[in-house]
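Below: the structure, in structure tokens.
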Amino acid sequence: MQEQAAHAILDGPADIVIAAATAGGKTEAAFLPICSLLVGAATGSVRVLYVSPLKALINDQYSRLDALCEHLEIPVHRWHGDVDTAKKHQVLREPSGVLLITPESLEALFVLRGTQVSGLCGGLQFVVVDELHSFMGTERGRQLQSLLHRLELTVRRRVRRIGLSATLGDMSLAAEFLRPRERERVTLITSSAEGHELRVQVRGYERPARIKPTAKSNSQLDQTPSGTGDTEDSLDDISIAQHLFRVLRGSHSLVFANSRMEVEFFADLLRRECERLKVPNEFWPHHGSLSRDLRQDVEAMLKDRSRPTIAVCTTTLELGIDIGAMSSIAQIGSPPSVASLRQRLGRSGRRGDPATLRVYVREEEVTLDSAPQETLRLQLIETVAMVELLLRQWYEPPVTGQLHLSTLVQQVLSVIAQCGGARPIEAWTALCKTGPFESVSQGMFAGLLRELGVHDLLTQSTDGTLLLGGAGERIVNRYDFYAAFVSPEEYRLLAGGKPLGTLPISQPIVEGMSLIFAGRRWRVVSFDELQKVIEVVPSAAGKPPRFGGQGGTKHDVVRQEMFRVLRGSEVPRYLDATAQQLLREGRAEFRRLSLDTCSVVQRGDCTYLFPWRGDRASNTIMLHLRALEFDAVAEAGVVGIFKAPSAALATTLRRLSDMGPVDAVELARTVRNKGSEKYDWSLSESLLCEDFARRALDPQGAWEAIANIVSARGVESESP
DNA sequence: GACCTGCTGCGGATTG
């Protein structure tokens, strides 16, 4: 790979995507040849712009590149929110060498120093984008594409782009992202050093059915001020913690949980186990709401091999900083996606050692009121499906074809701030016709500008030039303008004046309540609603807080693989005895319900449809039925319809099947809370519908699923 | 019943 990359960089003018597993030497593969081209000609302008999604990664790469470039006399600079302004001024005065920057800082450069960018980057030769895959399909990715395009417009020429990416199923998507409209001209270099040994175990656990607390007993618990709102650790969680303790203690490992709440829960449980046995604690939590200091402490312990460290973490330790090879990876609950499971696995088993993965799956004990999702053991089935896809090296592609109108609003405001004004046709040409918002027509753009005028984000001078309106000025001049994504308001959590981290504002806070945070137990002693500060002191009791968040989405292929697993009879060797038993139970229930030939199940007054499709398709079916006045919900890919007369439902489904795919934009009109991205509030209802339809709906998939359901038994009865 | 990321600002007068 290194040799191929060197040839591509040194011999030709093409843009390049270099794909390899985590820490596969991508940085060196790109920078060794680039630096050899820079020797003796590294001053007068920034020569290489390296863009990274993380400040931590910039700091990491800075020390590596600085060492590499020192004797070549190539200056290396970093530019992000934690860098002194004096250092930034130094770069502006004498631009040179390699500049490491975040998309947000690049945005700030355009807004605040629009006229200086051409001087800073006049002699730019390369743009290197690290962790390219993490940008694809996101608001931030579209922002980055726009910034790179605006950079080329500013320096009035094309600049070579090099993307460093994880391996994707379809690498041409990475090429298209790196150089929109010209993917065939991008050179793809993929590391072949992928297939080393993998050891997998999936362990099943059954959680005893809980007696649901009545509303009364629940509220009494909440009101108890002494903080006895302690969690009763359930038996399955204790068994999982005991197993983790036994197999991981003494090692360097990562335990991925699917939520910050669960990270806190298990970190606390494992620390208490260490205390009970009077051994030093080796288990530490790591997630995005912990203070930077606490996170860096854990990262330093992982890097320092002198004492065992096990981090219980969320996606924070999935990519980015170099922590060295872990001896094994644990995953609690089925992973968010196959792609993410692959990234997590990449943290273990380098240098010829096998990669080791243990997945812990919990299923509820089946009772008389269990829904089919539970009796079918869908958690376990999903995990098996994902492991099978991982072994076949299939990974979810990013969602393409989105409009990203919220990000377009940000970019329109930014272009106007950069240039001090712009004509509508110039803005459309720069951002849409030649830029990354290629699906936005001139007419749609005009509509968007009108709406921005209505909200006073823009005004138009007499000669037609667009200028920032009063509200637009206020937004652009705030420091939070530079990020394309929203961030929720948060409380700061302090213990003895030291920051522990943050809690989302949605969390109800009362003085005297106790909570688990940063793997320890605390009691709230004071709470300042104006300053958004919570003071805590150590405590013996506590439960992990809810952090909130939005549900994830599963891909069509994962659900189709689940169907295949349920229909099959093979029992994978990587399942433990309980997991095997759960798989057999799920398959028996699948056969009992005849789900291989019929996708409708009636239970009580609820009808369940099984489309075996991704969440975009099943949500589309659910919304379509709701628009027709059915009381429908979609959960884990299953559509449940309450109190629907079966004849009426059958007729409706047959009609939908005959109609063909629904008009997704029309369907979006029936959805009330579509807005979720940063500037969605400034869009008209019709633009928001266009955006939502492409972001969240799958009319084709929904229609195919309905047609399948109708053509199978269940809905066949043809009596008029 | 989800996760993560990021981020400003000047210029001239005065003093030693």
Side-chain angles (χ1 to χ4, degrees), chain A residues 51-59 79-86 88-89 92 101-114 116 130-131 133-144 147 256-265 286-290 292 295 312-321 331-337 339-341 343-344 362 364 373-374 378-379 382 407 410 414 417 473-488 490 501-502 504 506 544 546-554 615 633-638 676 678:
Chain A
V51 188
S52 155
L54 301 175
K55 289 188 290 192
L57 194 55
I58 286 180
N59 296 339
W79 187 308
H80 59 62
D82 300 339
V83 174
D84 286 346
T85 41
K88 294 176 180 171
H89 285 133
L92 288 170
I101 198 166
T102 58
E104 287 73 20
S105 286
L106 189 54
E107 186 77 70
L109 262 176
F110 275 112
V111 171
L112 301 169
R113 307 166 189 280
Q116 293 178 59
D130 205 353
E131 306 281 5
H133 59 279
S134 74
F135 288 111
M136 294 170 62
T138 69
E139 295 154 274
R140 212 177 173 204
R142 180 58 62 84
Q143 175 192 25
L144 175 59
L147 291 169
F256 287 96
N258 287 340
S259 70
R260 288 168 284 190
M261 184 166 106
E262 218 152 52
V263 164
E264 290 293 352
F265 175 79
H286 191 285
H287 59 72
S289 293
L290 291 177
R292 200 172 59 204
R295 285 163 64 169
V312 187
C313 60
T314 58
T315 50
T316 39
L317 288 176
E318 200 171 289
L319 60 84
I321 52 151
Q331 163 73 44
I332 302 175
S334 83
S337 68
S340 143
L341 182 61
Q343 287 283 112
R344 293 174 180 192
R362 288 160 294 189
E364 294 267 335
Q373 293 94 303
E374 285 155 13
L378 290 189
Q379 286 284 318
E382 187 178 273
T407 307
Q410 184 213 30
S414 175
E473 286 278 1
R474 282 192 294 279
I475 286 175
V476 171
N477 288 325
R478 277 174 54 99
Y479 79 110
D480 57 3
F481 173 69
Y482 312 116
F485 52 87
V486 270
S487 32
E490 291 171 322
T502 59
S506 56
R546 288 174 184 280
F547 290 88
Q550 299 182 353
T553 56
K554 291 290 186 306
D615 286 305
V633 294
E635 224 184 272
V638 182
S676 59
K678 196 169 183 181

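Every chain is numbered from 1, with letters handed out A, B, ... down the list of sequences.
Backbone-only engagement by A:Asn258 is indicated by non-hydrogen atom pairs under 4.0 Å involving sugar-phosphate atoms exclusively. The residue A:Ser134 sits apart from the nucleic acid: no heavy atom pair falls under 4.0 Å. Looking at heavy-atom distances under 4.0 Å, A:Arg344 makes no contact with the nucleic acid at all.
Using a 4.0 Å cut-off, some side-chain N or O of A:Ser105 falls inside it from OP1 or OP2 of B:dC7. Distances shorter than 4.0 Å separate some side-chain N or O of A:Thr102 from OP1 or OP2 on B:dC7. Close to B:dC4, at under 4.0 Å from its OP1 or OP2, lies a side-chain N or O of A:Thr314. One finds no side-chain N or O of A:Arg295 lying less than 4.0 angstrom from the OP1 or OP2 phosphate oxygen of B:dC4. At the phosphate of B:dC7, neither OP1 nor OP2 sits under 4.0 Å from any side-chain N or O atom of A:Arg478.
Atom OH of A:Tyr479 is separated from atom P of B:dC7 by 11 Å (rounded to the nearest Å). Counting to the nearest Å, the P atom of B:dT8 and the CG atom of A:Leu92 are 12 Å from each other. Computed from coordinates, the A:Arg260 CZ to B:dC3 P distance equals 5 Å when rounded to whole Å. Separating the CD atom of A:Glu104 from the P atom of B:dC4 is a distance of 16 Å, rounded to the nearest angstrom. The distance between atom CZ of A:Phe547 and atom P of B:dT5, rounded to the nearest whole Å, is 13 Å. Between the CZ atom of A:Phe110 and the P atom of B:dC7 there is a distance of 16 Å, rounded to whole Å. Rounding to whole angstrom units, CD of residue A:Gln143 and C1' of B:dC7 are separated by 11 Å. A straight line from CD of A:Glu490 to C1' of B:dG6 spans 12 Å, rounded to a whole angstrom.
Between A:Thr102 and A:His80, the side chains place no donor N or O within less than 3.5 Å of an acceptor N or O (distance only, hydrogens not considered). In this structure, a donor-acceptor pair under 3.5 Å is present between the side chains of A:Ser289 and A:Arg260.
Stacking between A:Phe481 and B:dC7 is absent: the aromatic ring centre is not both under 5.5 angstrom from the base six-membered ring centre and within 30 degrees in plane angle.
Remark: the backbone N or O of A:Gly333 is paired with a side-chain donor or acceptor of A:Gln331 at under 3.5 angstrom. Side-chain atoms of A:Gln143 come within 3.5 Å of backbone N or O of A:Tyr482 as a donor-acceptor pair. With hydrogens and angles ignored, the 3.5 Å screen pairs a side-chain donor or acceptor of A:Asn258 with a backbone N or O of A:Ser334.
Closest to the side chain of A:Arg140, out of B:dC4, B:dT5, B:dC7, is B:dT5.
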What N/O pairs connect the protein and nucleotides 9-12 of chain B at under 3.5 Å? Give each pair on its own line.
| from | atom 1 | to | atom 2 | distance (Å) |
| --- | --- | --- | --- | --- |
| B:dG9 | OP1 | A:Arg113 | NH2 | 3.0 |

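Annotation for A:Arg292: atom CZ does not count as buried by contact number, only 12 or fewer foreign heavy atoms lying within 6.0 Å.
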Using atom types as modelled, flag every donor-acceptor pair under 3.5 Å from a side chain in residues 133-140 of chain A to any protein atom, sequence neighbours excluded.
| from | atom 1 | to | atom 2 | distance (Å) |
| --- | --- | --- | --- | --- |
| A:His133 | ND1 | A:Ala166 | N | 3.0 |
| A:His133 | NE2 | A:Glu131 | OE1 | 3.4 |
| A:Ser134 | OG | A:Glu131 | O | 2.8 |
| A:Thr138 | OG1 | A:Phe135 | O | 2.7 |
| A:Thr138 | OG1 | A:Arg140 | N | 3.4 |
| A:Thr138 | OG1 | A:Gly141 | N | 2.9 |
| A:Arg140 | NE | A:Glu104 | OE2 | 2.9 |
| A:Arg140 | NH1 | A:Pro53 | O | 3.2 |
| A:Arg140 | NH2 | A:Pro53 | O | 3.0 |
| A:Arg140 | NH2 | A:Glu104 | OE1 | 3.1 |

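For A:Glu262, the salt bridge (charged side-chain N to carboxylate O under 4.0 Å, His left out) criterion is met by A:Arg362, not counting sequence neighbours.
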